[in-house]
2 protein chains.
Amino acid sequence: MSHESKSETQDPFHAHDHDHCAASVLRRAEEQARQEGVRLTPVRRRVLEILLESHRAMGAYEVLERLALEGFGKQPPVAYRALDFLVEQGLAHRVRRLNAYAACLSNQRDHTPAFLICRLCEQVAEADTPQMREALAALAAAHDLTIERSTVEILGICARCAKAEQAKAQDV
Amino acid sequence: MSHESKSETQDPFHAHDHDHCAASVLRRAEEQARQEGVRLTPVRRRVLEILLESHRAMGAYEVLERLALEGFGKQPPVAYRALDFLVEQGLAHRVRRLNAYAACLSNQRDHTPAFLICRLCEQVAEADTPQMREALAALAAAHDLTIERSTVEILGICARCAKAEQAKAQDV
DNA sequence: GTTATTTATGTTATATCGTAACGCGTCAAG
DNA sequence: CTTGACGCGTTACGATATAACATAAATAAC
């Protein structure tokens, strides 16, 4: 198995070493928790692992179902609290268009990436470019608004799914 | 009353002729409905008017309450349907961060503006710049994603509220 | 080491947001 | 003047999210 992945810019829409990518996020989570004096408890860690199983964004209730099966609490706050913790720590992100959560794949502590969402396979990629940061800053400046948080989400169809769709259309 | 407003880029965070701004949107709505062969029925028109009363984004149930008081239906679908219609026609936008809706203040038929939201006064401005469009396109291209829809929302504090906060702090 | 304090987990209950499905009325086309 | 599409209203429900409180575990104070 090749380890060519630059853990900086994982892109689920293209081939990557997922085991490596998941493990590296978990390692970072542990280290970060130690450093910041917060606790990566079993539920919290497990939720992160669950999110890391795929690059799909998962709804809170979907996560909760998994937790319940594994002997954790069965009520919504259990999932929401763990997810909120992960989001606060920058270990996961909330994808508003989907009312769902995805593990953070970057190494940066405080970043507000853009999300690229494939409507068909539901995979989510994050991206953080200077160009976008500048565009956001320019907008805010033009309106005299002090930025506190920003949301950038792009919904579309990834290359892999586009190709698959085309193939399907040909078959008919 | 001065009519200096360029109906292209209304900015609720700064002084503008609101009556003019609301009236011009309604005029556009009527014309557009005629042209596209869709009907701006009483409920639909009223919802647009309600949204236009302020530059705040309103929740569906908030709109519904108003409709109920005025003798329209009292059940959620009444509000959601009218709002969906307005969004489809590009006469209103959905602000995802707030789970709420705001009247469209631009004249463009199909546009996907960025939203600037003040956390304190809850006013919402829309903005559509080439720089942002390019940043979005670049992101999508970099990930081989075909854009279908995009969401850009900036939450912060507008100049007016920032000033007010400062004044309050001084008083203490 | 024991006690006090904080933090986390689990619960019940409820709020908030959104939609499916159906019946009736209205309007425009033939 | 009928028929078919559309819109409005309803009931009922599903999905998402949070408040409030009890218990247990971890950390801090003594």
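Reminder, nothing fancy here: chain letters follow the sequence lines and each chain counts from 1.
- Put simply, chain A comes within 4.0 Å of DNA chain C, heavy atom to any atom, from C/dA8 to C/dT12, going 5' to 3'.
- Using a 4.5 Å cut-off on side-chain heavy atoms (C-beta onward), B/F72 and B/V47 make no contact.
- Legend: residues meeting ring pair (Phe, Tyr, Trp, His ring centres under 6.0 Å) with A/H14, ordered by chain and number and at least two apart, are absent.
- As a whole-Å value, the separation of A/M58 CE from D/dA17 P is 14 Å.
- Rounded to whole Å, atom P of D/dT18 lies 7 Å from atom CG of A/D84.
- Listed by residue number, the members of residues 88-99 of chain A with any heavy atom below 4.0 angstrom from DNA chain D are A/R94, A/N99.
- B/V95 and B/V25 are assigned to two separate hydrophobic clusters, defined by single-linkage of ILVMFWY side chains at heavy-atom distances under 4.5 Å.
- Here the side chain of B/Q89 pairs no donor or acceptor atom with the backbone of B/A33 at under 3.5 angstrom.
- For B/A140 against A/I154, the heavy-atom pair with the smallest separation is N-CD1, 4.5 Å.
- Taken over five-pair windows at either terminus, the axes of the helix from C/dG1-D/dC30 to C/dG30-D/dC1 are inclined to one another by 30° (rounded to 10 degrees).
- Between the side chain of B/R160 and the backbone N or O of B/F13, at least one donor-acceptor pair lies under 3.5 Å.
- Contact annotation: the side chain of A/T112 never approaches that of A/R149 to less than 4.5 Å [non-hydrogen atoms, C-beta and beyond].
- We find that CZ of B/F85 is positioned 13 Å from P of D/dC6, with the value rounded to whole Å.
- In this structure, A/E126 contributes its side chain and A/P113 its backbone to no donor-acceptor pair below 3.5 Å.
- Side chain of A/R44 to backbone of A/L86: no donor-acceptor contact under 3.5 angstrom is found.
- Every residue two or more places apart in sequence or in another chain was checked for a ring pair (Phe, Tyr, Trp, His ring centres under 6.0 Å) with A/Y101, and none qualifies.
- Taking only distance into account, the side chain of A/Y61 meets the base of D/dA17 through a donor-acceptor pair shorter than 3.5 Å.
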Name the pairs: protein N/O against N/O of nucleotides 8-11 of chain D, kept only if under 3.5 Å.
| unit_1 | atom_1 | unit_2 | atom_2 | d |
| --- | --- | --- | --- | --- |
| D/dC8 | OP1 | B/T41 | OG1 | 2.5 |
| D/dG9 | N7 | B/R81 | NH2 | 2.1 |
| D/dG9 | O6 | B/R81 | NH1 | 2.9 |
| D/dG9 | O6 | B/R81 | NH2 | 3.3 |
| D/dT10 | OP2 | B/K74 | N | 2.7 |
| D/dT10 | OP2 | B/Q75 | N | 3.4 |

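- Grouping the Ile, Leu, Val, Met, Phe, Trp and Tyr side chains by contacts below 4.5 angstrom, directly or via other members, places A/I117 apart from A/I157.
- The existence of a salt bridge linking B/E49 and B/R46 is confirmed by a sub-4.0 Å separation between a basic side-chain nitrogen and an acidic carboxylate oxygen.
- Atom CG of A/L64 is separated from atom P of D/dA17 by 12 Å (rounded to the nearest Å).
- Put simply, CG on B/L40 is 15 Å from C1' on D/dC6, counting in whole angstrom units.
- A/T151 has its side chain out of reach of A/F115: every pair of non-hydrogen atoms, C-beta onward, lies at least 4.5 Å apart.
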